[in-house]
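All remarks here apply to the structure that follows.
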Amino acid sequence: MKKQSEQLADEMEIIRAELKTIQDAEDPTEDELSRGEALLEEWDVKKAVYDKAVARESKVDEVMRASLASGNRESGPTVITRTKRNPYEELHRSKTWTDADFIERAKDAVEQAPEHMTDDARENATALIERAAKGQRKAVAKHILTTGSPEYHEAFEDYLNDPENTVNRAALSLTAANGGYLIPFTLDPSIILTNNGSSNPYRRIAAIKQTATNEWNGVTSAGVNAGWLAEAAEASDNTPTVGQVKIPVHKGAAWLFGSFEVLQDSDFASELPMLIADAKDRIEETAFTTGNGTTAPKGIITAATTTVTAAGTAAYAVGDVYALQAAVPPRWRDKGSWLMNISTVNRTRQFDEAGGSSFWANLGAGTPERLLGRPVYESSTMASALTTGSKIAVYGDFSQFAIVDRIGVSLMYEPLIKGENGRPTGQAGWFAYWRTGSDVLTPNAFRVLVTG
């Protein structure tokens, strides 16, 4: 519910707009001039009430921020506790906020998010705000503030339970051009970590970028080469070669539907965010591994073009592990990670005949296993068969593999599905879509093991 000052401010804005219309008229009539005088008087009355309301609300806020401990003064010193700022307060006046205001409020919103948002998800959401490009931070923060308030959560839940409720549809219409309704950021799989136990490791180890357009533009360089100089000698030209990387975002979508009876008699709608997150997680894992970069994000196997061939024919041996890691340049090797199918992971573990030697280390639940001192991650899309030409393992610095998100997953409701003859089938459905891209920033940071 709006405060009195907010309601008065809205009414004063209406007065201001009407006065401007009269003022801009080339030849106002007598009636218009009289109406203008009445509006000025009404403005003075409302302005006086508005000023009192602001002063009163400010005092109330001050009292609410500090609460005195019970008991008399002799029982001990007075204890004052302060409540956290409501990050969504005055959101309707956000046009006057600075970029710093948006960012700080968004961080507060993440910190105060409902309990269903895990600590890992909070850390990831905060990291998204902090590591976004300077021009994108406000957009990410604004998205979080727009979709994170308790009121928005309540409206979204009502929309899921009663999608044809026009009031909530209007309240949620953040992308009116295409009729989509954004999922609250605490449930949005493009912001939170969908599942720590997933076989999609990419969002945990890759560089995550954001964009508000249809592509992300970055700059890469092989680095600066230094040189030794004799006394009074001219410095050498060590200017690095700079390249540009453009990563387009591709639209992914999920379509879920059911009969009217199923939708009415089950909690299908309340499960939607989880179902969408699972579908998004699985399709992205495939794309981030083998995507072609044209109709889907470009995968690591497609983008990392430098390969190392296994020594044997249609075989995989312990020497191939050492050869693959050694093939990665030192600059990237010490920050590298392994990526394999579970079948290759298990074959690799069997090389460790000493059981717990430095070749393979299992550090316990929640910590990635380590191969030659570096983390091992599973990709279910990676090749598992030892046939000639199979790309069975990747080693490299995955901070050089970028995932680009156009923040926000949109959700639309289709109330009437029709059959081939254009007649209703007694079914309704939900359509979710998002936009994501990926590519390697520095191909030389990776090596791919190929069976001979």
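- For the residue pair Met12 and Trp43, the shortest heavy atom distance occurs at O-CZ3, 3.3 Å.
- For the pair Asp439 and Lys246, the minimum side-chain heavy-atom distance is 4.5 Å or more.
- Atoms CD1 and OH, on Ile144 and Tyr88 in that order, are 8.5 Å from each other to the nearest 0.5 Å.
- Interatomic distance, NZ of Lys391 versus OG1 of Thr302, reported as 7.0 Å (0.5 Å rounding).
- Looking only at side-chain heavy atoms (C-beta outward), Met117 and Arg122 come within less than 4.5 Å of each other.
- Distance check: Glu154 CD to Glu151 CD gives 7.5 Å after rounding to the nearest 0.5 Å.
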Fill in: Test side-chain contact (heavy atoms from CB on, under 4.5 Å) applied to Val440 and Thr305, step by step
CA-CA 10 Å; Val440 164; Thr305 55; over 6 Å; no

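- Considering CD1 of Ile407 and OG1 of Thr211, their distance stands at 10.0 Å, rounded to 0.5 Å.
- Counting only heavy atoms from C-beta outward, the side chains of Ile300 and Tyr202 approach each other to under 4.5 Å.
- Every residue two or more places apart in sequence or in another chain was checked for a salt bridge (Lys or Arg N to Asp or Glu O under 4.0 Å) with Glu420, and none qualifies.
- Residues satisfying the side-chain contact (heavy atoms from CB on, under 4.5 Å) test with Ala402, not counting sequence neighbours, are Lys209, Ile247, Leu441.
- For residues 400-417, every residue pair satisfying the salt bridge (charged side-chain N to carboxylate O under 4.0 Å, His left out) rule, not counting sequence neighbours, is listed here: Arg203-Asp405.
- Between the side chains of Thr289 and Ser379, a donor-acceptor pair is found at a separation under 3.5 Å.
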Worksheet item: Checking side-chain contact (heavy atoms from CB on, under 4.5 Å) for the pair Val409/Tyr433: CA distance, chi angles, key distance, verdict?
Response: CA-CA 6 Å; Val409 177; Tyr433 66 93; over 6 Å; no

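- Side chains of Trp338 and Gln325 form a contact here, defined as non-hydrogen atoms less than 4.5 Å apart.
- The two residues Pro87 and Leu145 make their nearest non-hydrogen contact at O-CD2, 3.9 Å.
- In this structure a side-chain-to-backbone donor-acceptor pair under 3.5 Å is present from Ser390 to Ala385.
- The ring pair (Phe, Tyr, Trp, His ring centres under 6.0 Å) check on Tyr316 picks up Phe351, with sequence neighbours excluded.
- Qualifying salt bridge (Lys or Arg N to Asp or Glu O under 4.0 Å) partners for Lys251, counting only residues two or more places apart in sequence or in other chains: none.
- Counting heavy atoms from C-beta on, the side chains of Phe156 and Thr147 never come closer than 4.5 Å.
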Item to complete: Decide side-chain contact (heavy atoms from CB on, under 4.5 Å) for Thr344 and Met382; before the verdict, give the C-alpha distance in whole Å, the side-chain angles of both, and the deciding distance to 0.1 Å.
Response: CA-CA 9 Å; Thr344 308; Met382 289 281 292; over 6 Å; no

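- Shown here for Pro201 and Leu339, the closest heavy-atom pair between the two residues is CG-CD1, 3.6 Å.
- Within a 6.0 Å sphere centred on CD1 of Ile205, heavy atoms belonging to other residues, nucleotides or ligands number more than 12.
- The nearest pair of heavy atoms linking Lys107 to Glu130 is NZ-OE2, 3.4 Å.
- Legend: residues meeting side-chain contact (heavy atoms from CB on, under 4.5 Å) with Thr425, ordered by chain and number and at least two apart, are Ile417, Gln427.
- Ring planes of Phe398 and Phe446: perpendicular class, angle over 60° (limits at 30 and 60°).
- Residues passing the side-chain hydrogen bond (donor to acceptor under 3.5 Å, both in side chains) test with Thr307, sequence neighbours excluded: none.
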Practice prompt. Please lay out, stage by stage, how Tyr322 and Leu372 fare under the test side-chain contact (heavy atoms from CB on, under 4.5 Å).
Written response: CA-CA 8 Å; Tyr322 291 98; Leu372 299 183; 3.5 Å; yes

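- To the nearest 0.5 Å, the span separating CZ on Arg447 from CH2 on Trp332 amounts to 11.0 Å.
- Taking the side-chain hydrogen bond (donor to acceptor under 3.5 Å, both in side chains) definition, one finds that Lys46 meets it with Glu11, sequence neighbours left out.
- The side chain to side chain contact (heavy atoms under 4.5 Å, CB included) test with Gln210 singles out one residue from Ile129, Ile403, Val140, and that residue is Val140.
- The salt bridge (Lys or Arg N to Asp or Glu O under 4.0 Å) test applied to Glu42 returns no partner, not counting sequence neighbours.
- Residues satisfying the side-chain contact (heavy atoms from CB on, under 4.5 Å) criterion with Thr295, sequence neighbours excluded, are Asn292.
- For the side-chain contact (heavy atoms from CB on, under 4.5 Å) test, residues two or more places apart in sequence or in another chain that qualify with Asp51 are Lys47.
- At least one side-chain heavy atom of Tyr395 sits under 4.5 Å from a side-chain heavy atom of Arg374.
- Checked by atom type and distance alone, the side chain of Thr213 pairs as donor or acceptor with a backbone atom of Glu215 at under 3.5 Å.
- Scanning both residues, Pro375 and Gly336, for their nearest heavy atoms gives CD-O, 3.8 Å.
- Distance alone, capped at 3.5 Å, places no donor-acceptor pair between the Arg435 side chain and the Pro248 backbone.
- Salt-bridge check for Arg282 with Glu285: failed, with every basic side-chain N at 4.0 Å or more from each acidic carboxylate O.
- Considering only residues two or more places apart in sequence or on other chains, Asp397 meets the salt bridge (Lys or Arg N to Asp or Glu O under 4.0 Å) condition with Lys335.
- In this structure, the separation between CD on Glu378 and CE on Met340 is 11.5 Å, given to the nearest 0.5 Å.
- When all heavy atoms of Asn341 and Ala383 are compared, the closest pair comes out as CB-O, 3.7 Å.
- When side chains are defined from C-beta on, Phe260 counts as touching Leu416, because their heavy atoms get closer than 4.5 Å.
- Asp278 is not listed as a side-chain neighbour of Leu275, based on a closest heavy-atom distance of 4.5 Å or more.
- Using the six-membered ring where Trp is involved, Phe401 and Phe288 have ring planes that are perpendicular, over 60° apart on the 30 and 60° scheme.
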